[in-house]
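One structure is given below, encoded as C-alpha cells.
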Amino acid sequence: MTNADLIVRPWAAYFLGRKLPVAVGRRGIGYKIGEGDGITPIGKWRIENWLIRHDRVKMSGQSIKSFDRWCDEAEHPLYNQLFNNALKISSERMSRPDALYDVVGVVNYNRDPIVAGKGSAIFIHQWRRARFPTEGCVAFARNDLHWICQNWGNDSGLIIQP
C-alpha cells in the first residue's frame with residue numbers, strides 16, 4: 001500500500017493524502033456472491049482504463065461512444081466486457097443521459113479470466129447523490145472523481161477494505 005493507492009473503506013476513501021467521501025455497494029464491502037449481489041468486492045485491484053464521455057468532459061481516456069454497453073448477462077460470451085452494438089442482451093448503457101458514467105474507471109474485478117456469474121461492471125464512477133449506495137461500484141462526488149482520474153498514475157492501485 002502506497003500513498004498513490006486509492007484506499008476505499010465503507011465511509012471514506014484516501015488518495016494522495018486526501019480523505020474523500022465515498023459510496024459503495026448497497027450490501028457493503030465484502031466477498032462477492034455473484035451477479036447483482038450489491039457487494040463492492042474486497043481486495044486489491046487495478047484500474048484497467050478510464051472511459052470518458054468526451055462530449056461532456058475534457059480529460060484523457062478512452063471515449064465512450066453512443067452505443068457502448070457493458071454486458072452483465074452471465075451466460076453470454078461478452079459477459080463483463082465493453083461492446084458497441086445493439087444486441088438484445090442484458091447490459092449497462094455506458095452513454096447515459098445522466099452524469100453517472102461521464103468518467104468511469106474500469107476495475108479489473110472478474111476480468112482475467114472472466115468467470116460467468118461472478119459479477120460484472122465493477123467501476124469507479126460519479127455518485128447519484130452523496131453516499132447513495134451503488135450496485136457494487138465505488139462512487140464519488142463529481143469533482144473528487146475528476147481529481148482522482150487526473151491524478152491516477154501507473155503506480156496507483158485500488159484497495160477496497162471492510
Side-chain angles (χ1 to χ4, degrees), residues 5-11 13 22-57 59-129 131-142 145-146 148-149 152 154 156-162:
D5 291 327
L6 173 59
I7 300 164
V8 175
R9 296 188 176 121
W11 290 101
V22 67
V24 297
R26 60 184 156 72
R27 293 192 50 211
I29 294 172
Y31 296 101
K32 287 195 68 64
I33 299 164
E35 187 67 39
D37 62 12
I39 297 171
T40 299
I42 192 171
K44 183 170 172 108
W45 311 106
R46 289 182 302 103
I47 300 299
E48 290 185 357
N49 62 337
W50 291 92
L51 305 176
I52 310 292
R53 283 284 306 265
H54 285 121
D55 58 325
R56 295 181 179 173
V57 177
M59 63 176 65
S60 61
Q62 180 181 337
S63 288
I64 295 173
K65 298 174 193 73
S66 59
F67 293 105
D68 280 352
R69 305 195 60 93
W70 196 276
C71 181
D72 59 12
E73 187 171 311
E75 300 308 318
H76 197 279
L78 291 173
Y79 179 65
N80 202 22
Q81 297 177 64
L82 181 69
F83 67 98
N84 186 284
N85 201 320
L87 297 173
K88 300 289 185 202
I89 60 174
S90 180
S91 59
E92 293 261 347
R93 180 178 177 190
M94 301 304 293
S95 180
R96 297 170 55 110
D98 61 24
L100 253 62
Y101 288 175
D102 285 0
V103 174
V104 176
V106 178
V107 178
N108 72 327
Y109 174 80
N110 192 27
R111 297 277 296 141
D112 185 21
I114 296 171
V115 177
K118 188 176 176 185
S120 66
I122 302 297
F123 303 135
I124 295 176
H125 63 76
Q126 183 175 320
W127 62 25
R128 290 181 195 281
R129 57 184 181 273
R131 300 187 195 269
F132 188 80
T134 69
E135 292 299 312
C137 295
V138 176
F140 294 95
R142 183 178 183 84
L145 175 65
H146 289 201
I148 291 166
C149 179
W152 197 262
N154 291 334
S156 297
L158 172 62
I159 300 172
I160 302 175
Q161 303 175 329

Does [Y] offer a backbone N or O that forms a donor-acceptor pair with the side chain of [X] under 3.5 Å?
| X | Y | answer |
| --- | --- | --- |
| D5 | I7 | no |
| R131 | W11 | yes |
| R53 | R96 | yes |
| T40 | G25 | yes |
| D37 | K32 | no |
| H54 | M59 | yes |
| R111 | N80 | yes |
| N108 | E48 | no |

Give the minimum heavy-atom separation between [X] and [Y], together with the two atoms involved.
| X | Y | value |
| --- | --- | --- |
| A13 | F140 | CB-CE2, 3.6 Å |
| D68 | S63 | OD2-O, 3.8 Å |
| G157 | W152 | O-CH2, 3.4 Å |
| S91 | C71 | CB-CA, 3.9 Å |
| C149 | I52 | SG-CD1, 4.3 Å |
| Q126 | L145 | N-CD2, 3.3 Å |

Distance check, rounded to the nearest 0.5 Å: [X] atom [atom1] versus [Y] atom [atom2]?
| X | Y | atom1 | atom2 | result |
| --- | --- | --- | --- | --- |
| D102 | L51 | CG | CG | 11.5 Å |
| D72 | Y79 | CG | OH | 7.5 Å |
| R9 | I159 | CZ | CD1 | 9.0 Å |
| Q161 | I29 | CD | CD1 | 8.5 Å |
| W45 | I47 | CH2 | CD1 | 11.5 Å |
| R69 | L82 | CZ | CG | 11.0 Å |

Please report, to 0.1 Å, the donor-acceptor pairs under 3.5 Å made by any side chain of residues 113-124, with sequence neighbours excluded.
{"from": "S120", "atom 1": "OG", "to": "E35", "atom 2": "OE1", "distance (Å)": "3.0"}
{"from": "S120", "atom 1": "OG", "to": "E35", "atom 2": "OE2", "distance (Å)": "2.9"}

(Q) Applying the side-chain hydrogen bond (donor to acceptor under 3.5 Å, both in side chains) criterion to Y101, which one of H125, E92, R93 satisfies it? (A) E92
Q) Mind checking whether V104 and W50 have side chains closer than 4.5 Å, heavy atoms only? A) no
(Q) For a 4.5 angstrom cut-off between non-hydrogen side-chain atoms, does N85 reach F67? (A) no
Q: Start with the C-alpha gap between I33 and R27, add the side-chain angles, then the distance that decides, and say whether side chain to side chain contact (heavy atoms under 4.5 Å, CB included) holds.
A: CA-CA 11 Å; I33 299 164; R27 293 192 50 211; 4.0 Å; yes
